[in-house]
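One structure is given here, and the rest of the page talks about it.
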Amino acid sequence: MKLKEGALLNYLDFDSVYCLLSLRNAKILSDYFKLLDVHNRNTLNDIQFYHFMHHVTDLKKKEIMMTFDMLDWNASGEIAFEQFYMLVCILLCSEYHVEKNFIFRHSRPVFELLDMDGGRTISPAEFQASGFLFNLKGHALDKIFYEFDVSGDEHLNYKEFKMFTMACIDMQEETKKMQK
């Protein structure tokens, strides 16, 4: 997933260690959200969301709509600023190549986001379907999943997912050391 050139998000100051926006940039994002909210409901519906994502990312319609469904936690057909903020942080972590750090720092919300059926576990299908958000793809994704499925039930619970996030950070640090 890539951000398109010229999008406002490219100009926000993103803290790649904590994977958050500064207060000033969160305010800018809040004002931007209000501009997108043409119905003045403090939410974005699926059509507004689709056009925003189509404008700022290279995602296909199917991926955009899946992302909307994942963020629409209460199935209201709308997302509020809280979900929008999380989305923007995910987009920026992808742009700065700190996806694994984001997953580690925000493991509970990411776990809940990836748990599409609300079963408090992540299935291989959920992991595979949502991997595009964090640039996790292909056979490596399957290998990672089964490596951390300690219970062997073919689902990751939160504790197993947390182990996965810690291992991701370790792998990221090893990669950085090897590059130096």
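Atoms SG and CD, from Cys19 and Glu99 in turn, are 9.5 Å apart once rounded to the nearest 0.5 Å.
At least one donor-acceptor pair closer than 3.5 Å links the side chain of Gln48 to the backbone N or O of Asn45. In terms of modelled atom types and a separation under 3.5 Å, the side chain of Asn157 and the main chain of Thr121 share no donor-acceptor contact. The backbone N or O of Asp117 sits less than 3.5 Å from a side-chain atom of Glu126, completing a donor-acceptor pair. Side-chain N or O atoms of Glu78 include none that pairs as donor or acceptor with a backbone N or O of Thr43 at under 3.5 Å.
Under the 6.0 Å distance and 45° angle rule, Lys162 counts as a cation-pi partner of Phe104. A cation-pi contact, defined as under 6.0 Å to the ring centre and within 45° of the axis, is absent between Arg120 and Tyr158.
At least one side-chain heavy atom of Met53 sits under 4.5 Å from a side-chain heavy atom of Leu87. Side-chain atoms of Met116 and Ile122, non-hydrogen and from C-beta on, never get closer than 4.5 Å to each other. A heavy-atom distance below 4.5 Å is found between the side chains of Ser30 and Phe81.
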- Task: List the steps and the verdict of side chain to side chain contact (heavy atoms under 4.5 Å, CB included) for Leu113 and Ile90.
- Result: CA-CA 11 Å; Leu113 183 69; Ile90 291 170; 3.7 Å; yes
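Taking the six-membered ring for Trp and the full ring otherwise, Phe52 and Phe84 have centroids separated by under 6.0 Å. In this structure, the ring of Phe14 has its center less than 6.0 angstrom from the ring center of Tyr96.
Looking at Arg41 and Asp37, no side-chain N of the basic residue comes within less than 4.0 Å of a carboxylate O on the acidic one, giving no salt bridge.
Below 30°, between 30° and 60°, or above 60°: for Phe102 and His106 the angle between ring planes is between 30° and 60°, a tilted geometry.
Tracing side-chain contacts under 4.5 Å through hydrophobic residues (I, L, V, M, F, W, Y), one never reaches Val38 starting from Leu35; they form parts of separate clusters.
No hydrogens or angles considered: nothing links the side chains of Ser123 and Glu154 as a donor-acceptor pair under 3.5 Å.
For the pair Leu114 and Ser130, the tightest heavy-atom approach, listed with the atom from each and the gap, is CD2-OG, 3.0 Å. The two atoms that bring Tyr50 and Lys61 nearest to each other are CE1-CG, 3.6 Å, heavy atoms only.
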